[in-house]
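As structure tokens, the structure follows; a few thoughts come after it.
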Amino acid sequence: MLRAGTALTCLACRKLVTTSPGVRVPLQTLNPLSRAIHHRGSPGTSLHRAPPRSAARHFSSLSRPPLRPARPLPRGPGFQPRRSFWVARLATRLLRLRYLLLGSAVGGGYTAKKTFDQWKDMVPDLSEYKWIIPDFIWELDEHIDFEKIISALPDAEELAKLLPDFEKIGENFSFLKGLVSKESSGESTFRTTGNQGFDSSDKQYKKGLLGELILIQQQIQEHEEEARRATGYNTSSSQQKRKVSDKEKADQLQEELLRTQMKYQRMLERLEKENKELRKVVLQKDDKGIHQRKVKKSLIDMYSEVLDVLSDYDSNYNTQDHLPRVVVVGDQSAGKTSVLEMIAQARIFPRGSGEMMTRAPVKVTLSEGPHHVAMFKDSTREFDLSKEEDLAALRHEIEIRMRKSVKEGQTVSPETISLSVKGPGIQRMVLVDLPGVISTVTSGMAADTKETIFSISKAYMQNPNAIILCIQDGSVDAERSIVTDLVSQMDPQGKRTIFVLTKVDLAEKNLASPSRIQQIVEGKLFPMKALGYFAVVTGKGSSSESIDSIKDYEEDFFQNSRLLKTGMLKAHQVTTKNLSLAVSDCFWKMVRESVEQQADAFKASRFNLETEWKNNYPRLRELDRNELFEKAKNEILDEVISLSQVTPKHWEAILQKKLWERVSTHVIENIYLPAAQTVNSGTFNTTVDIKLKQWTDKQLPHKALEVAWETLQEEFARFMSEYKGKDQDDIFDKLKEAVKDESIKRHKWNERAEDSLRVIQHNALEDRSITDKPQWDAAIQFMEETLQSRLNDTESVIKDMVGPDWKQRWLYWQNRTPEQHVRSETRNELERLLKVNEDHTAYLANDEVTTVRKNLEARGVEVDPILIKDTWHQLYRRHFLHKALSHCNLCRRGFYYYQRHFEDSELECNDVVLFWRIQRMLGITANTLRQQLTNTEVRRLEKNVKEVLEDLGENNEKKVQLITGRRVQLAEDLKKVREIQEKLEAFIEALHQEK
């Protein structure tokens with residue numbers, strides 16, 4: 001019984017496989033249950049049943065175990081044979097038969113149940129694939145009244161009027177089929193060239209009326225060839241009339257079938273629009289809270305994320321990006337962008353008349369969704385593609401991004417702009433629109449524009465898994481094409497190239513020989529090879545056309561085109577819809593074939609990177625550039641905060657010291673020395689007051705703020721350089737220096753601080769009252785230190801002017817220069833003059849200069865009057881400072897006379913009062929500046945540092961420049977490779993689930 005069932009099953013499968021002539025259904029495509037039945041006992045299969053196990057031998061109720069040999073009875077001397085009762089033995093046999101029947105029934109039932117369980121296990125569990133159907137489909141019955149929809153549909157009679165006369169079509173078809181069956185019997189009726197379509201397209205167009213049309217068309221062509229041969233042998237006129245009538249019937253049938261196809265296509269489009277509106281309604285209700293479900297990433301979105309990560313990955317281990325993409329290439333103005341827009345179903349790209357608009361590669365991720373929207377990878381804004389204002393904004397944004405990506409002096413850029421488009425009915429794939437290939441560089445373009453476009457195109461096409469969508473303008477001569485040669489170089493066998501002929505409507509009008517179009521789409525005109533050839537129409541050339549109007553125009557054109565009617569083009573080779581279906585199928589086929597190999601390559605790359613890190617940086621964490629930047633940012637902010645912990649005493653000491661170093665020269669040279677040349681104390685004080693007022697109004701506040709700003713910079717730099725933490729890293733030095741410089745550059749002192757400081761300094765300098773002896777002593781000490789410092793500087797200058805003295809010349813073998821010798825002789829002559837008149841003024845008279853020069857000439861020394869004055873200036877300065885120090889020592893006991901305003905006293909210490917006023921002004925100014933620093937400027941500097949860090953954090957190029965080194969690059973590569981591998985594994989898992 002099993003053998004008979006197996007034979008019947010094999011016969012049924014064999015009939016199922018051979019139902020369509022010329023079509024072979026692989027056994028792998030059958031249902032697992034059908035395969036199990038088919039191979040159960042078929043002799044022609046390669047599957048073998050597992051051999052039975054010897055250890056577990058089963059016996060059914062119908063089989064009997066082997067009989068054991070009977071034991072011989074012991075025979076003894078008193079043995080007697082037993083009597084045989086045949087009636088009892090017969091009854092025993094009958095009872096045993098009952099048990100045999102009962103056991104057989106039980107065993108048979110068990111065997112049947114086991115067989116049923118085995119078949120049940122073979123049936124696939126479809127419960128895991130419920131996620132494929134959206135949840136709103138299960139609830140359509142709740143939200144949609146199907147009875148109203150049914151009542152709105154036309155009656156059967158009205159629907160029958162719309163349909164063609166299928167009986168007439170069937171009669172004509174039977175007639176034609178019988179007519180050509182004699183000549184084409186035993187041969188395949190549907191043939192395609194090796195490079196004119198896809199398996200999926202063949203399967204699609206072998207079914208239905210369109211498949212029959214293609215079948216009839218090829219049979220008619222074969223019949224016409226046979227008829228032409230027959231006419232060559234003097235055929236009769238009756239046979240020619242019969243051929244003409246058959247051809248007319250075939251043309252009528254073809255036109256009727258084309259009209260039927262277009263009519264049903266319109267009905268399908270109308271149903272798709274209604275379905276789109278229903279889905280929008282359901283999703284809007286979901287948003288209101290009727291139904292909430294977790295949004296899951298689509299398969300194409302996951303794949304697009306992998307490509308985005310790969311675009312930023314700079315490989316050092318030869319792990320190249322070989323993941324599939326659809327690369328759209330073509331000559332400039334060939335219609336690349338228009339084809340891509342038809343596939344995306346929206347006019348999303350900027351347009352121009354004859355000028356280059358695509359200046360950078362644009363990666364477009366297409367996926368299906370309820371709403372027609374677009375979004376950039378690095379933005380959260382959604383552009384509603386159903387609104388014209390959003391479309392215009394999207395085109396403007398793409399144009400701006402392209403121009404920003406182009407560097408100065410260049411025309412095109414290799415930087416990729418990533419964009420995703422979702423909408424109902426859009427085929428899932430990833431396309432890259434490249435700049436159009438040009439033959440000549442025109443004015444306004446960079447000199448290397450042509451070579452740059454070629455290099456960008458080759459970089460994308462050299463990927464062995466990239467699908468090349470070669471766009472050729474059909475309205476121009478084929479010999480002018482540049483891109484076909486480029487594609488032939490990158491894919492000489494045409495295993496991953498799809499050829500698209502655009503502007504077929506113009507080509508049909510302009511070409512004198514329409515067969516030239518047939519040669520192009522059959523791959524006979526160009527040297528390049530391709531997987532498939534398509535002909536499309538992308539509008540009338542107006543930028544204001546909508547996608548729907550372009551679709552209608554394309555449909556009307558091919559419906560009435562003689563190219564399709566005469567068989568030069570086949571139905572599956574026309575329209576952008578068929579093109580998008582074919583490209584999507586080829587794309588996903590390539591993805592499934594290559595994605596796992598790429599995942600293995602990145603796994604090996606990850607192992608190499610991890611090994612290098614373990615060997616070179618075993619005790620360091622794998623921190624990438626962003627993590628290192630955050631760590632450095634925290635360190636820098638800690639250092640800035642430490643500025644607020646500086647003590648007020650430290651601030652004031654530094655400020656007072658630096659301010660005096662900045663203004664001491666002015667005080668000595670322009671205030672003290674001129675005032676000291678006066679003859680009495682009144683003139684001294686008047687001169688001092690006037691000069692102090694002028695100084696305060698013009699220079700002093702500004703100098704003080706400069707000193708404060710420099711002090712803040714130095715302290716900030718000191719904390720930045722001397723910061724010692726546990727995790728101090730030299731890799732942050734460049735970043736810290738850049739942050740310090742940029743923060744100081746941005747910092748501006750409070751403008752009102754100078755005015756308030758001027759008032760404070762003016763009031764401090766006007767006060768002359770020294771209240772106690774310690775203040776007097778402090779002023780004397782300050783004056784002595786200042787004068788002694790100036791004296792030391794003056795001695796050093798004089799020593800450099802006159803050269804080494806006699807001791808240094810004898811002991812250290814040092815010699816004077818001729819100029820030093822002249823200055824030494826001039827010094828000796830001027831010192832004699834000072835000894836004669838110790839109260840000499842600060843300037844030499846002209847007659848004194850002449851006297852000194854003549855005395856030197858008498859000793860054979862030629863000297864210039866200017867040199868005499870310069871030497872006198874330094875000598876008198878030294879003489880004055882010696883006298884001032886002696887006077888300062890005398891004023892130590894002059895506080896008592898000061899309190900009495902120096903009445904009845906020869907001692908006058910007005911110079912001590914001057915230095916006390918300067919010292920007090922320095923203290924008050926330092927205190928004021930310290931308050932401004934701690935209360936305002938340090939906080940503003942901290943704010944500037946934070947702003948600089950935030951700006952650097954958003955500028956990846958700056959971070960790459962400031963945080964560098966092999967350690968950083970290795971951590972970056974590790975992070976990227978791990979991210980790529982994880983995303984690839986997640987994508988592969990989702991891809992297997994979709995299968």
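Keep in mind the model is a prediction, meaning the values are calculated, not measured.
Ion pairing of Lys422 with Asp301 is present here, as a side-chain N (NZ or NE/NH1/NH2) and a carboxylate O approach within less than 4.0 Å. Taking a cutoff of 4.0 Å between a charged side-chain nitrogen and a carboxylate oxygen, Arg978 and Glu622 qualify as a salt bridge. Here Glu610 pairs with Arg606 in a salt bridge; the nearest charged N to carboxylate O distance falls below 4.0 Å. Here Glu382 does not pair with Lys387 in a salt bridge; the nearest charged N to carboxylate O distance is not below 4.0 Å.
Under a 3.5 Å cut-off, the side chain of Arg625 and the backbone N or O of Ala971 do not form any donor-acceptor pair.
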Quiz item: Is there a side-chain hydrogen bond (donor to acceptor under 3.5 Å, both in side chains) between Asp973 and Gln969 once you walk through the steps?
Solution: CA-CA 6 Å; Asp973 291 344; Gln969 190 61 44; 3.2 Å; yes

Exercise. Under the side chain to side chain contact (heavy atoms under 4.5 Å, CB included) rule, what do Arg496 and Asn465 come out as? Steps first, then yes or no, please.
Key: CA-CA 8 Å; Arg496 51 188 180 90; Asn465 298 320; over 6 Å; no

Self-check item: Val364 vs Asp433, side chain to side chain contact (heavy atoms under 4.5 Å, CB included): CA-CA, chis, key distance, verdict
Solution: CA-CA 8 Å; Val364 183; Asp433 185 22; 5.7 Å; no

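Arg325 places a side-chain heavy atom less than 4.5 Å from the side chain of Asn463. Within the 4.5 Å cutoff, the side chain of Val421 has heavy atoms near those of the Leu385 side chain. Side-chain contact between Leu366 and Ile300: absent, with no pair of heavy atoms (C-beta onward) separated by less than 4.5 Å. Using a 4.5 Å cut-off on side-chain heavy atoms (C-beta onward), Met342 and Lys551 make contact.
Counting non-hydrogen atoms of neighbouring residues, nucleotides and ligands closer than 6.0 angstrom, the CD atom of Glu451 exceeds 12 such neighbours. Atom CZ of Phe454 has more than 12 neighbouring heavy atoms from other residues, nucleotides or ligands inside a 6.0 Å radius.
Within the cation-pi definition used here (under 6.0 Å to the ring centroid, within 45° of the axis), Arg401 qualifies as a partner of Phe376.
Annotation: Phe587 is in aromatic contact with Tyr303 [ring centroid separation under 6.0 Å].
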